[in-house]
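Note on naming: letters A, B, ... go to the chains in the order of the sequence lines (proteins, then strands), and numbering restarts at 1 for each one.
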Number of protein chains: 2
Amino acid sequence: MANNISDVIERYLKRILQQSQSGMVELQRGDLAELFQCVPSQINYVISTRFSVDYGYVVESKRGGGGYIRIRKVELDPTTPLSRIAQSIGHTLSQREAEAIVESLLRENLLTRREYSLLKTVVHRDVLGVDLPLRDELRARLLAQSLVALTMARAEDE
Amino acid sequence: MANNISDVIERYLKRILQQSQSGMVELQRGDLAELFQCVPSQINYVISTRFSVDYGYVVESKRGGGGYIRIRKVELDPTTPLSRIAQSIGHTLSQREAEAIVESLLRENLLTRREYSLLKTVVHRDVLGVDLPLRDELRARLLAQSLVALTMARAEDE
DNA sequence: TATAATATAGTCAATAATGGTCAAAGTCAA
DNA sequence: TTGACTTTGACCATTATTGACTATATTATA
């Protein structure tokens, strides 16, 4: 479609992702930027707009000498309850709401008791220990991302 | 994967550690540096960043003639380790240190893959999303309390 | 035995080699 | 014309590499 560099880079990455057996690409930001004659931060833009977790990608990177960016495609079934709930969590979340969520997940056997216990701790105000409203925002991120992690962990476990 | 010498040396050391029955490797710093064509202090860098006690290794050394560096992999005591590790976590904790801890717990089978994935998420700087030094303090609380929660969690509900 | 020479390993700070963030400026279609 | 999307670059953060200087142990020598 569009002739902008971002789309070109996107197609390039998706093509090599498809071709790789492992479902993973590893690249150096500077190399890719050079290949497409753009500034390095353009690569970050492409990744953040087109390879986010919402689209089913996991991106890891490392800075420093020998650094890299690694993109993996994960099977993320959006109908699975955990990821649906993760998506339904907004920008802020009270402790009461968070506890209601993890308790219902435990009841439905979507969490083990250990996982439940762990999440109960993670969302507790004393553990977070920062002031509102930051605390509720932090809690929302922690719980949402934790549920996403659990969704993907299952996929990885084979 | 890695284009840097540090990672290559790390893999080399882990390979011979695996191959040795004793779970121990002894080497001379200068020899290893020569083998990999790097300065000797690079070996110290690799050891301090990848073979710290957080990663489950103990390193001893001796200077002078016949000097050596000895790396041992230590098994965690499977009876109380989670709580012990929780106690050893101080007031502040970097992402790198936190990951070292959860990786070694996974390796020792003290965490399931899902729990590992979850904790990896909880200690990630992007998820915490607050500035240093608060971030490292928050991470220390989260991980320490999470491990305590796991210690106390009732074993799996049928 | 004292001392000097030699052979190791350790520390630390400077520099290099990466990737990340953010906001300003540019582009383009509705 | 406006608003969403893209492009750019200055500045930031993290990790790796190097080497000068330091510390310690062993061995040779006076």
Side-chain angles (χ1 to χ4, degrees), chain A residues 1-13 25-52 54-55 57-71, chain B residues 1-13 25-55 58-71 92-100 123-136 139:
Chain A
M1 291 214 199
N3 258 10
N4 62 60
I5 302 188
S6 291
D7 287 341
V8 174
I9 295 172
E10 176 188 6
R11 282 198 296 273
Y12 171 78
L13 289 176
V25 204
E26 193 171 301
L27 53 96
Q28 293 211 292
R29 190 178 74 150
D31 291 352
L32 195 59
E34 175 134 20
L35 181 58
F36 290 103
Q37 293 289 298
C38 65
V39 296
S41 58
Q42 178 101 40
I43 307 304
N44 297 90
Y45 176 73
V46 172
I47 285 173
S48 62
T49 55
R50 293 146 162 88
F51 293 88
S52 71
D54 296 339
Y55 294 120
Y57 297 93
V58 173
V59 179
E60 301 162 287
S61 65
K62 194 171 126 184
R63 308 185 191 191
Y68 58 80
I69 297 178
R70 192 183 306 164
I71 305 175
Chain B
M1 246 237 242
N3 284 346
N4 62 61
I5 302 185
S6 292
D7 286 343
V8 174
I9 296 171
E10 175 189 5
R11 282 198 297 274
Y12 172 78
L13 290 175
V25 61
E26 191 172 302
L27 53 96
Q28 293 212 293
R29 191 179 74 150
D31 291 351
L32 196 58
E34 175 132 21
L35 180 58
F36 290 105
Q37 294 288 297
C38 66
V39 295
S41 58
Q42 177 103 42
I43 307 304
N44 298 89
Y45 175 74
V46 171
I47 286 173
S48 63
T49 55
R50 293 147 163 86
F51 292 89
S52 72
V53 72
D54 283 343
Y55 285 101
V58 170
V59 179
E60 304 159 286
S61 66
K62 199 175 102 178
R63 309 186 192 194
Y68 59 82
I69 297 178
R70 192 183 303 160
I71 304 174
T92 182
L93 191 69
S94 71
Q95 180 170 330
R96 176 161 206 131
E97 293 167 321
E99 287 175 344
V123 302
H124 197 286
R125 62 174 71 84
D126 292 345
V127 176
L128 299 180
V130 301
D131 289 335
L132 292 173
L134 176 60
R135 188 167 73 227
D136 283 358
R139 182 184 292 115

Given that B:Arg96 and B:Gln37 both sit by DNA chain D, which one's nearest nucleotide is further toward the 5' end? B:Arg96
If you compare all heavy atoms of B:Asn3 against all heavy atoms of A:Gly66, which two are closest, and at what distance to 0.1 Å? CB-CA, 4.2 Å
N/O to N/O distances under 3.5 Å, protein versus nucleotides 4-6 of chain D:
residue	atom	partner	partner atom	Å
D:dT6	OP1	A:Arg50	NH2	2.7
D:dT6	OP2	A:Tyr45	OH	2.4
D:dT6	OP2	A:Arg50	NH1	3.4
D:dT6	O5'	A:Tyr45	OH	3.2

Atom CG of B:Asp126 and atom P of D:dC12: how far apart are they, to the nearest Å? 19 Å
Can you tell me if the side-chain N/O atoms of B:Ser61 get under 4.0 Å from OP1 or OP2 in C:dT8? no
Taking N or O atoms only and anything under 3.5 Å, show me the protein contacts with nucleotides 22-25 of chain C, one pair per line.
none

Hits for ring pair (Phe, Tyr, Trp, His ring centres under 6.0 Å) against A:Phe51, two or more places apart or cross-chain, chain-then-number order -> A:Tyr57
Quick one: label B:Ile69 by what it contacts on the DNA or RNA (base, sugar-phosphate, nothing), any heavy atom closer than 4.0 Å. sugar-phosphate
Can you list the steps and then say if A:Glu34 with A:Asp31 is a side-chain contact (heavy atoms from CB on, under 4.5 Å)? CA-CA 5 Å; A:Glu34 175 134 20; A:Asp31 291 352; 5.7 Å; no
When the distance from CD of B:Gln95 to P of C:dG20 is rounded to whole Å, what number comes out? 13 Å
Under the side chain to side chain donor-acceptor pair (under 3.5 Å) rule, collect the residues that match up with A:Glu10, sequence neighbours excluded. A:Lys14, A:Arg50
A:Tyr68 OH to A:Gln28 CD distance, which is reported to the nearest 0.5 Å: 11.0 Å
What are the atom names and distances for every N/O pair under 3.5 Å that joins the protein to nucleotides 22-26 of chain D?
residue	atom	partner	partner atom	Å
D:dA23	O4'	B:Arg63	NH1	3.1
D:dA23	N3	B:Arg63	NH1	3.0
D:dA25	O4'	B:Arg63	O	3.3
D:dT26	OP1	B:Lys62	NZ	2.9

Listed pairs, N/O of protein and of nucleotides 3-5 of chain C, under 3.5 Å:
none

Identify, with sequence neighbours excluded, every residue that meets side-chain contact (heavy atoms from CB on, under 4.5 Å) alongside B:Arg63. none
In terms of the nearest nucleotide of DNA chain D, which residue is placed more toward the 5' end: B:Arg135 or B:Cys38? B:Arg135
Expected output: side-chain B:Asp136 to main-chain B:Thr92 donor-acceptor under 3.5 Å: no
In Å and rounded to the nearest 0.5 Å, what is the CD to OG distance from B:Glu99 to B:Ser94? 8.5 Å
Listed partners of B:Tyr12 passing side-chain contact (heavy atoms from CB on, under 4.5 Å), at least two apart: B:Arg15, B:Ile16, B:Leu32, B:Leu35, B:Phe36
Qualifying residues under salt bridge (charged side-chain N to carboxylate O under 4.0 Å, His left out), relative to B:Glu60, sequence neighbours excluded: B:Arg70, B:Arg72
Please identify each residue that fulfils side chain to side chain donor-acceptor pair (under 3.5 Å) with B:Thr49, with sequence neighbours left out. none
What pairs with A:Asn44 under side-chain contact (heavy atoms from CB on, under 4.5 Å), at least two apart in sequence or on another chain? A:Arg29, A:Ser41
Partners meeting side-chain contact (heavy atoms from CB on, under 4.5 Å) with A:Ser61 (sequence neighbours left out): A:Ile69
How many whole angstroms separate atom CD1 of A:Ile43 from atom P of C:dT18? 15 Å
